[in-house]
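First up is the structure itself, then whatever we jot down about it.
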Amino acid sequence: MGVQLMLLAGVFVAMQNFFFRRSIDSGGSSKAYLMVQLFLTFFVMILLNPVRSGNYTWDIPMALFGFCGGIILAAFMAMMGKALESGPPGLTFAVVNASSVMPIIFMVTLFGAGFGFSYTAWNGIGSALVVIGLFWAAKQAIQEKKTFNWAFYVLLAFALHTVFLVFLQWRSIFFTQPGARALFLSFSETQSATQWFMPMIFFAASLIQGYVFFTTEKRKPLRAEVGYGVLGGVANGVGTFFMIWSTEVANSVEQAMIFPIFSVSVIVLSNLWAQKMYKEKVNWVANTCCVLGLVIGTLNWKTLLGL
């Protein structure tokens, strides 16, 4: 059940990616789309967290921490938008999703085995395959289209997405590793205090994107930008719902594979619509190398093998 739900999450996030690109093609900008999409996702997060749980506990330090995460998310989404405006969409989303192999390196460096983080040979092999696949695919795209601006923005998006994922994992160990609490603000020690964490992330991100849009473009959003933004927000919200549901119902074996499955499904589906709708020359061999690296580098092999 957990695997099927995570596959559905990947389908809806790939749809959100498609709406993102369509909004830009309609003559709009990534700024307007992101403002609408992130604000709608903020409301979806309220439904998925405090409303769904019936717990409206407000914890100011946790909310502020979520707001800080939203700043990172806003920067990441802005760079991804710039990359979409200047380069191949399928490869853009492949690069961004491949960053999921990076957080474990930082978590091991920051916290180590004492907090449950270890870096195995499998992680190293997977990371190497991802780097090889991305370099191979990106080199071909740059040589064919001379999209050096795209390479700059997509690398920034890759780095910021890695920072955002590390940020989320850093928060998660607060409730599982008491020794890590000194690294945080004075948070409540109950799970109920986290209900507004994700909503505040998207609230901050949408607020920043709205400010950037209205101060730089000084116009009303186009009808297409609003329409695609709403569709993207709904798709992103539904995908998030299935992702959360998957983590709740997955057994121990499924927990070891659901997030790699999510990343792989988003990469494959985004490349498929990019190839069909935009005639993008997808380097499937390089993408397969990248996908294989994701699977090898992010699967929890100890759980899968029953060790």
Side-chain angles (χ1 to χ4, degrees), residues 1-17 40-57 59 62 66 69 73 93 97-101 103-104 107 115-118 122-123 126 161 164-177 188-202 232-270 291 294-307:
M1 182 68 171
V3 170
Q4 291 89 332
L5 290 173
M6 194 58 82
L7 281 172
L8 283 173
V11 169
F12 279 98
V13 171
M15 289 172 59
Q16 186 278 139
N17 293 343
L40 188 60
T41 305
F42 160 61
F43 282 105
V44 173
M45 287 298 101
I46 292 177
L47 294 175
L48 289 176
N49 287 275
V51 174
R52 181 165 171 254
S53 67
N55 188 326
Y56 297 89
T57 301
D59 185 75
M62 184 63 77
L73 178 63
F93 293 116
N97 281 277
S99 63
S100 58
V101 299
I104 184 61
M107 298 308 287
F115 292 104
F117 297 101
S118 60
W122 291 110
N123 296 125
H161 192 232
F164 183 67
L165 294 176
V166 170
F167 174 85
L168 292 180
Q169 288 198 5
W170 181 29
R171 187 207 65 86
S172 69
I173 68 172
F174 171 76
F175 292 102
T176 58
Q177 302 291 340
S188 169
E189 296 187 14
T190 63
Q191 282 284 359
S192 62
T194 69
Q195 294 304 311
W196 289 96
F197 175 73
M198 290 302 295
M200 287 302 295
I201 284 180
F202 286 97
V234 171
N236 193 42
V238 173
T240 302
F241 173 76
F242 282 126
M243 183 185 297
I244 294 173
W245 190 5
S246 174
T247 62
E248 292 174 348
V249 302
N251 57 40
S252 59
V253 174
E254 289 177 323
Q255 288 284 0
M257 65 176 71
I258 53 177
F259 285 109
I261 285 174
F262 172 77
S263 296
V264 168
S265 63
V266 172
I267 289 175
V268 172
L269 291 172
S270 294
V291 165
L294 272 172
V295 173
I296 293 175
T298 58
L299 280 178
N300 188 328
W301 291 100
K302 287 185 178 181
T303 301
L304 284 172
L305 300 175
L307 300 176

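For the single chain, residues carry numbers from 1 onward in sequence order. Note that the structure is a prediction, hence the values are computed from the model and not measured.
- Leu40 contributes atom CG, which lies 10.0 Å from atom CE of Met45 (distance to the nearest 0.5 angstrom).
- In terms of heavy-atom proximity, Gly237 sits nearest to Val44 at CA-CG1, 3.4 Å.
- Taken from CD in Gln195 to CE in Met200, the straight-line distance is 14.5 Å, to the nearest 0.5 Å.
- Not one N or O on the side chain of Ser270 forms a donor-acceptor pair closer than 3.5 Å with the backbone of Ile267.
- The structure places CZ of Phe202 at 5.5 Å from OG1 of Thr41, a figure rounded to the nearest 0.5 Å.
- Judged by distance alone, with hydrogens and angles left aside, the side-chain atoms of Thr240 form a donor-acceptor pair with the main-chain N or O of Asn236 at under 3.5 Å.
- The aromatic rings of Phe241 and Trp245 lie tilted to each other, with the angle between the two planes from 30° to 60°.
- In this pair, Trp196 and Tyr56 present their aromatic rings tilted. The plane angle is within the 30 to 60° band.
- When side chains are defined from C-beta on, Val13 counts as touching Phe262, because their heavy atoms get closer than 4.5 Å.
- Of all heavy-atom pairs between Pro199 and Phe42, the closest is O-CD1, 3.1 Å.
- Here CE of Met243 is found 11.0 Å from CG of Leu48. Values are rounded to the nearest 0.5 Å.
- Rounded to the nearest 0.5 Å, atoms CG (Leu269) and CG (Leu7) are 9.0 Å apart.
- Asn17 contributes atom CG, which lies 7.0 Å from atom CG of Asn97 (distance to the nearest 0.5 angstrom).
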